[in-house]
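In what follows, a structure is listed as C-alpha cells, so that the remarks can point back to it.
The sequence lines fix the lettering, A, B, ..., with proteins before strands; numbering per chain opens at 1.
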Number of protein chains: 2
Amino acid sequence: MRAEEIPEISSLPLFATMQPEVRDEIFGSAFLQVFPPQLTMIETGGRADFLHILIDGLVELFTVDGSREVTMQLVRPVSSFILAAAYTDQHYLMSARTLTASRILLIPSQLLRGAIARDGALAAAAMTELAMRYRNIVRSLTDMKMRQTLERLANFLLLEHTRLDGAVQFQLPAEKRVIASLLGMTAENLSRACSTLAGHGAIVSGPTVQIVDRTALEALARPDPVVDRH
Amino acid sequence: MRAEEIPEISSLPLFATMQPEVRDEIFGSAFLQVFPPQLTMIETGGRADFLHILIDGLVELFTVDGSREVTMQLVRPVSSFILAAAYTDQHYLMSARTLTASRILLIPSQLLRGAIARDGALAAAAMTELAMRYRNIVRSLTDMKMRQTLERLANFLLLEHTRLDGAVQFQLPAEKRVIASLLGMTAENLSRACSTLAGHGAIVSGPTVQIVDRTALEALARPDPVVDRH
DNA sequence: CGAACCCTTGATGGCGATCAAACGCCGTGG
DNA sequence: CCACGGCGTTTGATCGCCATCAAGGGTTCG
C-alpha cells in the first residue's frame, strides 16, 4: 500500500489503540488489492479467510436467494467489513461486490484472530467495532419492520444529509436500483417515491438530491430520536 | 443466586473460558432478580448499566415507535442479552420485557468492561457472542427483505422444529400476537397463514404445532442452506 | 449507430394491513 | 357456581401499499 496511507489506516478506530509492533506485524502480512467496478469479491457461503478494509471506492454487501438478490448495506471508505465472519471463522452470510473501482486491504483472518488474542487494546477495538455494526443492523431491521417505503426513503435522505454536514445538494451514493434494494423496495417504486418527496422538502432529480426543507422532510420521516441517532 | 446454578452459568460460552478469579469477582457483584410476567425492565433510550443474563423464563426484545411496537427477538434461557449496549456504554436500542416470570442475572456494565479488558479469554468469548448475535440479526434482516409472510412463518416453524430435536409436536414459544410481530405480520394474518400451512405439512391449532411433513414444509419455506444454518 | 442498461411512467394485480365482529378462554366478582 | 368482562384468536370484508408487467426515453459504451 502507499506509504502515505499507512497513517490513515492506523488511525482507524479498529487499529488506533493497538500495540505498534502487533500492528506492524499485521500490516506486514496484509496486502492491498485493487478491484474494478462490479466485481464480486466475496460470495455467500464462502470461507472468511480475510478481513476486508475498504480504503477507497464503494462496496455493496448483498445476499442472494435463488435468482434474486437484495442489497444489505453500503460500505464506504475507510472501514472494515465482514469482521464477524472473519473473527468467528465462519461462512459469509453476505456477498460483496465493488460498485466503483476500489482498493481493499486484506488481512488474513487467522493473523487477525491471533493479534486479537494477544493484544487487549485491539480486542477492545474489534469488540466496539462489532458492537457498532450490530447496532446498525438493529436499526436497519427496525426501519424495515416499522416504516413503509416512503418513510424509509425520507429517513435515508435525512441520514445522507446529516452525513454530508447538511449540504443542501448532494449525489446519491449509488445507482437508484441499488438504493431501492437497500431500502427494501423496487426501482419503480423508488422512482415514484422520489417524485412524491418533492412535496415534502426534498427534490430528487436523477442522482442529485436537494434538501430544500429539512423540517418538512422530518415531519414525513418521523425519525426516532433513539434509533436514528448514529 | 442458587448455588447449583453457578456451574450452569459458568458453563455458558461467554463465561466458560475466563479466569476463575475474574469470574468470581464478576459473579460476586452480580445479583439475581426475579421479575413477574409482562414487566418491562429495559426501555429504549435508557442507559445500559447492566448486562442481562436470562437464567429462567422468557424475554421479549422489542422497539417502540410512537404508539406501535414491534417484537425484534425472543430471548430464551440461558443466554445474555443487550451485550452490545452494555459493552459500548450506549443507550438501549430495544426495550425488553418478560413474557413469563423470569430470573435474570444482572452484571454491572462497568464491571464487565473492566473484566473484558483484563481477561483475554473473556474478551474473546464476548467477541464471539457478539459476532453470533450479529449474524443472527443479519439472518433476520435477510428473512424480512427476501421472503413473504407465509415463507417466514414456515421457516420459523422449521427452526423451532429443529431446535426441539425434531419433535413432531410442540408448543409455540409465545403468544401468537408476539410471534406475529416477530415475523413482521399482523395477528390476523398469522392466523390465516397458520390455516394455510395445513396444506403444506404443518398443522397449527391454537398454540400447538404438529409437523406432519417436513419435506412439504421445506418446499414452501425454501430455507437457504447458508443463511438458515444456525 | 446500435445495443444494453438504467430510469421513468403508466396500468394492473396481489399480498397483507385494516376494520369489524364473533368465538373461546380465563380471571374476577357477585 | 355462574355471570360478566377482558383479552387473545379466528374469520370475514374491504382497502391500500407496493410488486409486477409493460413500454418509452435517456445515457453510455462498444
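- OP1 and OP2 of dT10(D) both lie 4.0 Å or more from every side-chain N or O belonging to Ser195(B).
- Taking every side-chain heavy atom of Gln148(A) into account, dC18(D) is the closest of dT8(C), dC18(D), dG16(C).
- When each of dG10(C), dA17(C), dG12(D) is scored by its nearest atom to the side-chain atoms of Glu188(A), the top-ranked nucleotide is dG10(C).
- When the P atom of dT10(D) is taken as reference, atom CG of Leu197(B) falls 12 Å away, rounded to whole Å.
- Residue Thr149(B) has a polar side-chain atom (N or O) positioned under 4.0 Å from OP1 or OP2 of dG16(C).
- Side-chain contact annotation: Gln171(B) with Thr208(B), donor-acceptor N/O pair under 3.5 Å absent.
- When distances run from any side-chain atom of Thr186(B) to the nucleotides dG10(C), dC7(C), dA17(C), the shortest one goes to dA17(C).
- Here the rule is side chain to side chain contact (heavy atoms under 4.5 Å, CB included) with Ser102(B), and of Val34(B), Asp56(B), Leu54(B) only Leu54(B) fits it.
- Rounded to whole Å, atom P of dT9(C) lies 9 Å from atom NZ of Lys176(A).
- Distances from the side chain of Asn189(B) to the nucleotides dT10(D), dG16(C), dC7(C) place dG16(C) closest.
- Distance from the side chain of Arg68(B) is smallest to dT18(C) among dA17(C), dT10(D), dT18(C).
- The nearest whole Å value for the distance from the CE atom in Met185(A) to the P atom in dT8(C) is 11 Å.
- Rounded to whole angstrom, the span from the CG atom of Leu190(A) across to the C1' atom of dA19(D) amounts to 14 Å.
- DNA chain D is contacted by both Ala174(B) and Arg192(B); Ala174(B) maps to the nucleotide lying nearer its 5′ end (nearest heavy atom per residue).
- When the P atom of dC6(C) is taken as reference, atom CD1 of Ile179(A) falls 14 Å away, rounded to whole Å.
- Atom pair Lys145(A):NZ and dC17(D):C1' shows a separation of 19 Å (rounding to whole Å applied).
- Straight-line distance from the CG atom of Leu150(A) to the P atom of dA19(D): 12 Å, rounded to whole Å.
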Q: Could you please spell out the steps behind the ring-ring contact (aromatic ring centres under 6.0 Å, His included) verdict for Phe31(B) and Phe50(B)?
A: CA-CA 10 Å; Phe31(B) 52 95; Phe50(B) 299 95; 5.6 Å; yes
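- Residues Asp224(A) and Val64(B) share a closest heavy-atom pair of OD2-O, 3.6 Å.
- Both tests hold for Arg97(B) against Phe62(B): distance to the six-membered ring centre under 6.0 Å, angle to the ring axis within 45°.
- Within the 4.0 angstrom heavy-atom criterion, only backbone atoms of the sugar-phosphate kind lie near Glu175(A); the bases stay farther away.
- Separating the CG atom of Leu153(B) from the P atom of dT10(D) is a distance of 11 Å, rounded to the nearest angstrom.
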